[in-house]
2 protein chains.
Amino acid sequence: MGETRQRDAIDRILDEWAVQRPDLDVSALAVIGRLSRYAALVQARLDAVFAEHGLQSWEFDVLSALRRAGAPYELTPGELDRALLITSGTTTHRVQRLEARGFVTRRRDNDDRRIVRVRLTETGRAAHEATHDAHAANETRILAGLSPDERDALLGGLQALGRVLGDAAEGGA
Amino acid sequence: MGETRQRDAIDRILDEWAVQRPDLDVSALAVIGRLSRYAALVQARLDAVFAEHGLQSWEFDVLSALRRAGAPYELTPGELDRALLITSGTTTHRVQRLEARGFVTRRRDNDDRRIVRVRLTETGRAAHEATHDAHAANETRILAGLSPDERDALLGGLQALGRVLGDAAEGGA
DNA sequence: CAGACATATCTCGACGTCAAGATATTCCGC
DNA sequence: GCGGAATATCTTGACGTCGAGATATGTCTG
């Protein structure tokens, strides 16, 4: 306690603005700048573990969405769009490449022939399984340096942000 | 108080894992999943305001870095790399396009001819100025729905995360 | 001062994403 | 059951980013 927190990259940005434009209110930047910067730094750490297991993070994301959907591990491209916050063109592209790797299959629904069913193959499920533990451990390790209070604060703050962003309404399944 | 927080998209993901793999510890996912998802949702809101002012967010980022460097509003490509967490190839590309729009100039340093000086033009400074207020207001508006406690929790949690990520050592000037 | 190493920037090719629109199918009101 | 609106997916072209390596310049060691 009482110890001054070490200044980070965002603090330096705020310092620069304080010199250049002391009239500005940078308190929102202090939050949002960190949010986006740290999300990028965290993603880089996650990518490193995926790479060790021969996966891109977008591949893992798709496999995870299918895995957690439960047997028969099947979703439509539209459901993937919404779950992963990506556009339909991106989903088509991702599914094609996962199909080429043998991780998923695609087939038309016979009741509604507009719909496609993307299903995890056994190979795909195994690839997810093989990577998941290391990934989860990686996430745990990243947060391990936080005290319980800090971690609660971060989670609570993010939950509140999610409420403000209206996330409950988006990404529905 | 006592009111149950509305369940959001990440809660639904956690619920799905609880059904599929009740043995998993998803508490780290609850934090990191939100971090990356909300960073993406926030970025989309920021992009909307930049678009109203005819800028891409990467353009605004470069103009901001130069602006807050102070007169003569000049940085090297390497400094931009580190400030913006991008690779040198990306910086070259960004600077070329900002130069084409008349927002920056490039010239070799005469003392060390490996070095380039990227300088904000008056046009570039004006473009930043014209966008900055709306952008700052947008950031403030996004956070306006948070209570002071929630906002403090979010900021404090992010600062702790920055410490854990070693951000103080990165992005230095 | 020559050679090796270090630094700064740029080039090139590949990749992932998006936006807009095309196509195919289903639903709904009459 | 017909025509138009709605829905689901795919196609296309453009763009931003990265990684690896090329080039040019500077520094250091002996």
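Naming: A, B, ... by sequence-line order, numbering from 1 per chain.
Closest to the side chain of B/Arg97, out of C/dC18, D/dT17, C/dG16, is D/dT17. Distances were taken from every side-chain heavy atom of A/Ile115 (C-beta onward) to each of D/dT9, D/dG19, D/dG26; the shortest belongs to D/dT9. Distances were taken from every side-chain heavy atom of A/Arg114 (C-beta onward) to each of D/dT9, D/dA6, C/dC10; the shortest belongs to D/dA6. Taking only side-chain atoms of A/Arg113, from C-beta outward, the nucleotide of C/dT25, D/dG26, D/dT17 with the closest atom is C/dT25. In the set C/dT25, D/dT17, D/dT9, C/dT25 carries the atom at the smallest distance from any side-chain atom of A/Asp112. Nearest to the side-chain atoms of A/Thr90 among the listed nucleotides D/dT9, C/dC10, C/dT17 stands C/dT17. With distances taken from any side-chain atom of A/Thr76 to the nucleotides C/dC18, D/dT9, C/dC10, the minimum falls on D/dT9.
Using cut-offs of 30° and 60° for the angle between ring planes, the B/His132 and A/Trp17 rings count as tilted.
If you take NE2 on B/His53 and NE2 on B/His135, they are separated by 11.5 Å, rounding to the nearest 0.5 Å. In this structure, the separation between CZ on B/Arg117 and CG on B/Leu75 is 9.0 Å, given to the nearest 0.5 Å. Atom CD of A/Glu129 is separated from atom CD of A/Glu122 by 9.0 Å, given to the nearest 0.5 angstrom.
A donor-acceptor pair shorter than 3.5 Å cannot be found between the side chains of B/Ser147 and B/Asp149.
The distance between the ring centers of A/His93 and A/Trp58 does not fall below 6.0 angstrom.
In this structure, CG of A/Leu80 is placed 14 Å from P of D/dA8, rounded to the nearest angstrom. Nucleotide C/dG16 holds its C1' atom 16 Å from the CG atom of A/Leu85, rounded to whole Å. Taking atom CZ on A/Arg106 and atom P on D/dT9, their separation rounds to 10 Å, with Å as the unit. Going from atom CD1 of B/Ile86 over to atom P of C/dA8 covers 16 Å, rounded to whole Å. B/Asp109 has its CG atom 13 Å from the C1' atom of C/dT7, to the nearest Å. For B/Gln96 and C/dT9, the CD to P distance is 14 Å, given to the nearest whole Å. One atom, CG of B/Asp47, and another, C1' of D/dC15, lie 14 Å apart when rounded to the nearest Å. Note: CG (A/Asn110) to P (C/dT26) measures 10 Å, nearest angstrom.
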(message) Could you go through A/Asp8 and A/Arg34, starting from their C-alpha distance and side-chain angles, then the distance that decides it, and tell me whether this counts as salt bridge (charged side-chain N to carboxylate O under 4.0 Å, His left out)?
(response) CA-CA 10 Å; A/Asp8 65 19; A/Arg34 283 189 172 86; 3.2 Å; yes

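Remark: A/Trp58 in residues 55-72 of chain A come within less than 4.0 Å of DNA chain C through at least one heavy atom.
Using a 4.0 Å heavy-atom distance criterion, A/Asp111 is classed as a sugar-phosphate-only contact. Contacts of A/Gly78 with the nucleic acid, taken as non-hydrogen atoms under 4.0 Å apart, involve only primed sugar atoms and P, OP1 or OP2.
For A/Ser88 against D/dC10, a side-chain-to-base donor-acceptor contact under 3.5 Å is present.
Mapping B/His93 and A/Arg94 onto DNA chain C by nearest heavy atom places B/His93 at the nucleotide closer to the 5' end.
With hydrogens and angles ignored, the 3.5 Å screen pairs no side-chain donor or acceptor of B/Asp81 with any backbone N or O of B/Thr91.
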